[in-house]
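Note that ligands are numbered from 1 as they come in the structure, with each ligand's atoms numbered from 1 the same way.
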Amino acid sequence: MDKISVIIPCLNEEEAIPIYYEAMKPVMDKMNEVEYELIFVDDGSDDGTLSIMREMSEKDSRCRYLSFSRNFGKEAALYAGLSNATGDYVVVMDVDLQDPVELLPDMYEMIQSQNLDRVAARRVDREGEPLIRSFLSDCFYKFINKISKTEFVKGARDYCMMKRNVVNAVLEMQEYNRFSKGIFQWVGFRTAWLEYHNAERSVGETKWSLKKLALYSLEGIIGFSTSPLSIASIMGIIFCFIAFIMTVFIAVRTLIFGNDVGGWTSLACLILFVGGVQLFCTGIVGGYLSKAYLETKHRPIYILKEESQKHLEKEDTANA
Ligand code: UDP
Ligand code: MG
């Protein structure tokens, strides 16, 4: 019998977890040809999330949980879930029902009948989302696809079902600065996309502020492209060229019309502009340097504070 592990990252989701579980139950019961394992990952919540997870793992042996010592971010939660999943197939999904549970049977069917390694979900619209968010996200996809060799599919969610070989490949990518959308694409394998219409959050609010999203986008850009590093060289060449033209122009003008003292304002503007460009380029190098610095520290991606006992006990008896 195949086993499907579902990884569900949760940050302050005490209200959403029970709703999610109620929606998942009929799906799991209906797919009686497979065994399910739900791995809830508590990403350092400060509400009742952990106690709800404890309760659920007591009530239903299919539920397990991992709890972090603090908030490490959704990426770390996904990594922890993948490292702990025991299924032949692994699903990654959000707890807020924005990743429709009804797609699970289709994903399982597709992955088997079409001999795929991964089936991932893609939103074809973003209805109900603030316009500014959709616009910025559009810009991000256009930009990153221009500068990165890895393809970023527009509207792609983290929601996907993958086979064990994909999970192992993703786990081999030990990087500290994780950007799953890129990692899943980077490892390759045969992937099909399942399209669906955007669903709004079941309850609660998004955990991603615009600032958090902007930093996350930078993570993606720095993690999957080194093109921004060439900006300094390109700017340098352009500026040298402009400087050469200007030198020739001013020399000729001085020879013909003589020297006057005007033009200091434009000079001040130029100095400021060039200074700005230089700082901008140094900033880009700094961005890459800081990521490289964090990678060299080899810090753990997450730290566990607690995990469901039942699973551990079950493993102990199996080992005994
Ligand atoms: N999440 C998490 N850690 C974080 C932020 C979010 O585990 O630091 C979880 C959150 O609980 C949810 C999922 O990641 O299950 C997606 O978050 P959210 O719905 O807030 O994002 P959105 O759907 O708005 O992109
Ligand atoms: Mg959501």
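- For Asp96, every heavy-atom contact with ligand 1 shorter than 4.0 Å involves the side chain, none the backbone.
- Residue-level proximity to ligand 1 for Thr206 is carried by backbone and side chain together, each with a heavy atom below 4.0 angstrom.
- For ligand 1, the atoms sitting less than 4.0 Å from at least one non-hydrogen atom of Glu13 are 10 (C), 11 (O), 12 (C), 15 (O), numbered in the order shown with element in parentheses.
- Under a 4.0 Å criterion applied to the non-hydrogen atoms of Cys10, ligand 1 contributes the atoms 7 (O), 11 (O).
- When each of Arg164, Lys3, Arg118, Gln112 is paired with Tyr89, the side chain to side chain donor-acceptor pair (under 3.5 Å) condition holds for Gln112 and for no other.
- When non-hydrogen atoms are compared, ligand 1 lies under 4.0 Å from the backbone of Lys74 as well as from its side chain.
- Between Lys74 and Asp94 there is a salt bridge, with a side-chain nitrogen of the basic residue lying less than 4.0 Å from a carboxylate oxygen of the acidic one.
- For ligand 1, the polar-atom distance check finds no N/O of Ala77 at less than 3.5 Å from any of the ligand's N/O atoms.
- Heavy-atom proximity to Asp43, at under 4.0 Å, picks out these atoms of ligand 1: 2 (C), 3 (N), 4 (C), 7 (O), 8 (O).
- Listed by number with element, the atoms of ligand 1 under 4.0 angstrom from any heavy atom of Lys212 are 5 (C), 8 (O).
- Here atom 16 (C) of ligand 1 lies nearest to Asp94 when heavy atoms of Asn198, Asp94, Asp158 are compared.
- Distances between N or O atoms of Gly73 and those of ligand 1 include no value under 3.5 Å.
- The aromatic rings of Phe239 and Phe273 lie parallel to each other, with less than 30° between the two planes, well short of the 60° mark.
- Between Arg62 and Asp29 there is a salt bridge, since at least one side-chain N of the basic residue sits less than 4.0 Å from a carboxylate O of the acidic one.
- The shortest contact between atom 9 (C) of ligand 1 and any protein heavy atom is with Pro9 O, 3.6 Å.
- The part of Asn71 lying near ligand 1 is the side chain, judged by heavy-atom distances below 4.0 Å.
- Without hydrogens or angle criteria, Glu295 side chain to Glu175 main chain gives no donor-acceptor distance under 3.5 Å.
- Residue, atom and distance of the protein heavy atom nearest to atom 21 (O) of ligand 1 are Trp208 CD1, 2.9 Å.
- Not a single N/O/S atom of Thr206, whether from backbone or side chain, sits less than 2.8 Å from the Mg ion (ligand 2).
- Looking only at its N/O/S atoms, Asp96 has OD2 as the one nearest to the Mg ion (ligand 2).
- Contact atoms of ligand 1 toward Gln98: 19 (O), 22 (P), 23 (O) (distance under 4.0 Å to a heavy atom of the residue).
- In this structure, Pro228 and Ile221 approach most closely via the heavy-atom pair CG-CG2, 4.0 Å.
- Comparing Lys207, Glu205, Met93, Arg201 by heavy-atom distance to atom 5 (C) of ligand 1, the nearest is Lys207.
- At a threshold of 4.5 Å between non-hydrogen side-chain atoms, the residues Ser83 and Leu171 count as touching.
- For Arg201 and Glu15, the salt-bridge test fails: no basic side-chain N is under 4.0 Å from an acidic carboxylate O.
- Proximity of Glu75 to ligand 1, defined as any heavy-atom pair under 4.0 Å, is not found for any part of the residue.
- Between Lys207 and Asp43, none of the side-chain N atoms (NZ, or NE/NH1/NH2) sits under 4.0 Å from a carboxylate O, so this pair counts as no salt bridge.
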Exercise. Walk me through it: do Leu213 and Phe140 pass the test side-chain contact (heavy atoms from CB on, under 4.5 Å)?
Key: CA-CA 10 Å; Leu213 277 177; Phe140 169 72; over 6 Å; no
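- No cation-pi contact links Arg178 to Tyr176, judged by a cut-off of 6.0 Å to the six-membered ring centre and 45° from its axis.
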